[in-house]
Amino acid sequence: MNITKTVALDLCVSCEICSSACPENAISMRSLRGQFIPEVNENLCNMCGICLEVCPGIDIFTLDLMEEDNFMDIIKQNSIECFSGFCKNNQIRKLSTSGGLVTKLIVELIKNREFDAAFVLKFQKSNDRPARLAMSNDIGEIIKSAGSKYIPASVYNVIEILKEKDKKKYIIVGTPCQILGIKKFIRKNKILEKNLLFLGLFCDATLNFNFLKIINDLYGKSKENTDEFYYRTKEKYGWPGHSKIVFNSGRSLILDRTIRISLKKYFNLNRCLFCFDKLNRLSDISFGDCYIKKKQNKEGNSNIIIRTSKGKEIIESFASIFDLKEEKLVKILLSQNIKKKYKNFLYARVLAKNKSLYPIRVKSYKVNYLDKIKLKLLQYYLSLGQNYKYTRILIDFLFTKLLNKLNLFLKYII
Ligand SMILES: Cc1cc2nc3c(=O)[nH]c(=O)nc-3n(C[C@H](O)[C@H](O)[C@H](O)COP(=O)(O)OP(=O)(O)OC[C@H]3O[C@@H](n4cnc5c(N)ncnc54)[C@H](O)[C@@H]3O)c2cc1C
Ligand code: SF4
Ligand code: SF4
Ligand code: SF4
């Protein structure tokens, strides 16, 4: 009845919604396998089931999906209009990850008193506490929080404020699983959604905190520790951006983006293997990088999908601060390689069937033997990252690079 089930299935995304929602204060977070994971004090728990009900981790086939929904129908749901574009403020665009639309929109909505505050994520290095989105109406702070952090961030502060059921208006930025969890909490507690604006980020996966540990171990000299880490910065080579590490010695390094991408295999969350909502279908407006050929841009360009009438109204009233061109949804889907997420949809079926997660619906799921094997292999790599098997990761990493080079060489010869 409680989130021990999510933890046992390794589906936790460290959002901390359960911990804030628990009426008995029975849940605390501890650091485990590169994540902050909830732990239930069984002496305090009364088995009310609230934590499991609001947990987005366990909900791999989000409750509003029907058995007969097929993958492409789900992906195309809730799309009113799409755009490619960027914000006209050069300073914000430079600090942001893509076109700076998220940060600029928040700044304008707060300045114009359309909303009281926004929940954004400022993160520079890992410490022994969960990284929580924080509430702010300070324009400088909001601008400093620009940029994507590929970490399992907590929305504890969002839930704590929503619980108060005040009449204030809030903007919430989040990945699809964070927004799913917040919406589950809102519906369970009958909180009105009309005062909330959900700005959703596209999301392929997040990396656990052992990723930052391996970067520090690989690139830090003796006695050097990471002071600041930027997952993607446009500082030297523009968009799509490389990573940047600043050590406590003052030394800094730009790390080629291929390093972060190659290490994803070991440090993604297990839950991400079953996630197919890459484009954030539950938000009011969702935002991602623009990977459409000929529209990519060194200064950074975004794609947005307007998903609700509230989102449409807001974009229309602030259109003058952005440079936006209408876009076809299908182009965004192709450029985001959305078909790859179909694999995750199949893995979700394997998991649902193996663990009887949805006893009534899963009877009809057909699962393929090959998918089961592929899933096991992917989970093996993740276990190396979770248990921080430094040498094995390094050997495997170098071996894979060598094989790829050999493959290219053979192709060239042939
Ligand atoms: C984990 C993750 C995975 C992503 N994967 C993809 C992808 O596969 N394809 C794609 O096109 N785009 C992806 N994005 C979105 C993309 O990186 C940009 O965030 C998006 O295009 C918005 O760009 P922007 O310049 O408008 O945002 P910015 O102006 O840079 O603002 C970003 C906002 O997001 C907030 N934020 C940053 N990290 C987090 C976080 N972990 N949780 C909650 N809020 C956060 C910041 O506080 C800031 O308010 C991902 C983002 C994240 C965080
Ligand atoms: S996913 Fe969130 S709600 Fe679910 S167990 Fe993990 S921290 Fe708790
Ligand atoms: S079942 Fe209820 S009391 Fe127990 S941990 Fe979950 S929310 Fe708290
Ligand atoms: S891929 Fe899905 S589960 Fe993983 S962090 Fe992104 S939204 Fe959450």
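Counting from 1, the numbers follow the sequence of the chain as shown. All ligand and atom numbering here is 1-based and tracks the order in the structure. What you are looking at is a predicted structure, and each value in this text was computed from that prediction instead of being measured.
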Within reach of ligand 1, part of Q336 (heavy-atom separation under 4.0 Å):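 It is the side chain that gets close, since no backbone atom is under 4.0 Å.
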Measure the distance from [atom] to every protein heavy atom, then report the residue, atom name and distance (to 0.1 Å) of the closest one.
atom                    : answer
atom 43 (C) of ligand 1 : Q178 OE1, 3.3 Å
atom 8 (Fe) of ligand 2 : C18 SG, 2.3 Å
atom 6 (Fe) of ligand 2 : C12 SG, 2.3 Å
atom 4 (Fe) of ligand 2 : C55 SG, 2.3 Å

Residue portion contacting ligand 2 (non-hydrogen atoms closer than 4.0 Å) for E16: backbone
Within reach of ligand 2, part of V13 (heavy-atom separation under 4.0 Å): both
From S14, P130, C15 - option closest to atom 2 (Fe) of ligand 2 by heavy atom: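 Result: the heavy atom closest to atom 2 (Fe) of ligand 2 is in C15.
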F123 heavy atom under 4.0 Å from ligand 1: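 Not so, F123 does not reach ligand 1.
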Centroid-centroid distance, Y170 to F119, less than 6.0 Å: yes
Heteroatom test (N, O or S) for C177 near atom 6 (Fe) of ligand 4, limit 2.8 Å: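 No, outside the cut-off.
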Residue pair Y388 / Q386, side-chain donor-acceptor N/O under 3.5 Å: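 Per modelled atom types, Y388 and Q386 side chains form no pair under 3.5 Å.
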Distance-only polar pair, side chains of R232 and Y150, donor-acceptor under 3.5 Å: yes
